[in-house]
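So that the names make sense, note that chain A is the first sequence line, chain B the second, and so on, each numbered from 1.
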There are 2 protein chains.
Amino acid sequence: MADPMYRRIAEDLRRQIESGKLAPGSQLLTELELRDEYEASRNTVRDAIKWLITRGLVETRPGQGTFVRLLVIPFVTTLTGEPETASGGEGHTYTQEVTATLRLPESSPPDVGIRPADPVMASELQVGEQTEVISRHQQRLIDGTLWSLQTSYYPMRFVVQGATRLLQATDIVEGTVAYLRESLGLEQAGYRDKIIVRAPDENETRFFKLPDDGRVSVIETRRTAFDDSGTPMRLTVSVYPADRNQFALNVGKVPAEVMDPQSADSPDESAASDTTK
Amino acid sequence: MADPMYRRIAEDLRRQIESGKLAPGSQLLTELELRDEYEASRNTVRDAIKWLITRGLVETRPGQGTFVRLLVIPFVTTLTGEPETASGGEGHTYTQEVTATLRLPESSPPDVGIRPADPVMASELQVGEQTEVISRHQQRLIDGTLWSLQTSYYPMRFVVQGATRLLQATDIVEGTVAYLRESLGLEQAGYRDKIIVRAPDENETRFFKLPDDGRVSVIETRRTAFDDSGTPMRLTVSVYPADRNQFALNVGKVPAEVMDPQSADSPDESAASDTTK
DNA sequence: AACGATTTGTTCGTATGTATC
DNA sequence: TGATACATACGAACAAATCGT
């Protein structure tokens, strides 16, 4: 009896949801009905619902009601190329991976521009802060919903050296890695990724249609690509909503992944967390 | 005047925090004082504070007050070994990496047991569900605070074949990768990592002392290691609180990382999110 | 197109509980 | 122990969104 009332109501509803008694997509009783059901005040019921919202179990729609959230099938992005393959070649893996999972990918036309380097860009590309760099921005959708935002930055010197298509707002179908090799003889020798989980900013919240309470975080990957001399030649910053994306990477000799539509997501309650057994 | 009052109060406080007018660690006015300050009710002020809490900007301490949160220096885990090195050898990289960044690492003694395989374990280790597997669980601390929980699972056949130390609750100092090579002649040829961001469960919330509102998510990595024949030999599930961990990976030929104590964390507001320029 | 019914969202006031110093 | 500060809970009123008539 230690737990506060709103908590007990929330736990009770959570049990009903996780047991399947309340199916995904189904509507909960209204706040007034729950008030009678639990003999609490409407505000207390609302506190319980807020608790469920923060945990991603339900969502409210003004004027309609409260609903059990549908679960989404996460999309997996593989961060490494084929292990035994020569380095590089991660250009057009996106559509490959997506179509392989029978889903419909789209990319917006690139949004190209020149902008001064912020601290992250300057540090990764090893240029001075405020130095102008080329930026190429794209949005990626799967099955019609927004999946990621991606911006690549290149040093300005590439354009001077002849890679003029970097500044054109058209897709470089063969991939910029191949384009830079053909146009400048620049070989991508490897890359370093940094993976960061953080709260979405306002743009991202709007763009991905995330709940505006900052509950869903985004995953930001920063890929710095290097040429053979170890000079950074590209920085690609990608932002993925954490509720519909997963990542994978292969190191060394790894067998092909077996397709199983499981081990996917939330009702996990397993694995490494058995601290208090 | 479109925004609700609690929102306007929250935004105002957010501005003060982000501009540095309210320094990290400093105390906000009390709810009663803020009520007078903004000429709202205490409940409305509390709604504003809740909004700031879910965004990780402030924290409340019962009996004390509301405080601007301190930012923590994230710890970076590199998921790949040295690129040009032969595969394998990721055994004791943990202490290496931590000490390299001048921080104090600790590992709890392993918590060893036998347990039936859950769906994830069964799928990754390619054993039947409910089959018994060996589990070795460890906690990792840095500078005295909890950084990660880790559990490795091995098929039972390894013990029968002679790797009996897997079942002893003592540290295998040379690393289990080396131990399995020495005792069974088993060579780890590669591994596959899956990276998932999800809400913490109750154990994890307690253990990492996370705010109990599920705002901070955890990063779960599942590493499946394979021998030369492509047979899975180990599954390691690690759970990291997302607010103090980052990940990195190197592919191909990559220069040594330059040490710069920047480009770290939250007040980012940069990069790929320029959707609405 | 307008209206009313329903449902969630916001705001207020108030009282009492619990944690900290 | 008392004072202070946040936490929980109740009741009430009106606003805003949605849907069917």
- Message: Using C1' atoms of five pairs at each end, report the bend of the helix from dA2(C)-dT21(D) to dC21(C)-dG2(D) rounded to 10 degrees.
- Response: 20°

Under 3.5 Å donor-acceptor pairs involving side-chain atoms of residues 56-67 of chain B, not counting sequence neighbours:
unit_1, atom_1, unit_2, atom_2, d
E59(B), OE2, R61(B), NH2, 3.2

- Message: Just to verify, what does V68(A) make a side chain to side chain contact (heavy atoms under 4.5 Å, CB included) with, not counting sequence neighbours?
- Response: I17(A), L22(A), S26(A), L28(A)

- Could you tell me whether the side chains of S238(B) and Q150(B) share a donor-acceptor contact shorter than 3.5 Å? yes

- Item | Close side-chain approach of R222(A) and E220(A), heavy atoms under 4.5 Å | yes

- Message: Is there a side-chain contact between V239(A) and F208(A) in this structure, where contact means two heavy atoms from C-beta onward sitting under 4.5 Å apart?
- Response: yes

- Task: Determine, for nucleotides 6-15 of chain C in 5'-to-3' order, which nucleotides have protein heavy atoms under 4.0 Å from the base (write B), from only the sugar-phosphate (write S), or from neither (write -).
- Result: -BBBBSBBB-

- Note on the structure: With a 4.0 Å cut-off (strictly under) to non-hydrogen atoms of chain A, the first and last hit nts on DNA chain D, 5' to 3', are dT8(D) to dC19(D)

- Query: Are any of the side-chain heavy atoms of F247(B) and I195(B) separated by less than 4.5 Å?
  - Reply: no

- Query: Is there side-chain contact between Y153(A) and E124(A), with at least one heavy-atom pair below 4.5 Å?
  - Reply: no

- Item | Residues in side chain to side chain contact (heavy atoms under 4.5 Å, CB included) contact with D12(B), at least two apart in sequence or another chain | R15(B), Q16(B), Y38(B)

- Task: May I ask you to test the L34(A)-I49(A) pair for a side-chain heavy-atom distance under 4.5 Å?
- Result: yes

- Query: Under a 4.5 Å cut-off applied to non-hydrogen side-chain atoms, are R223(B) and L79(B) in contact?
  - Reply: yes

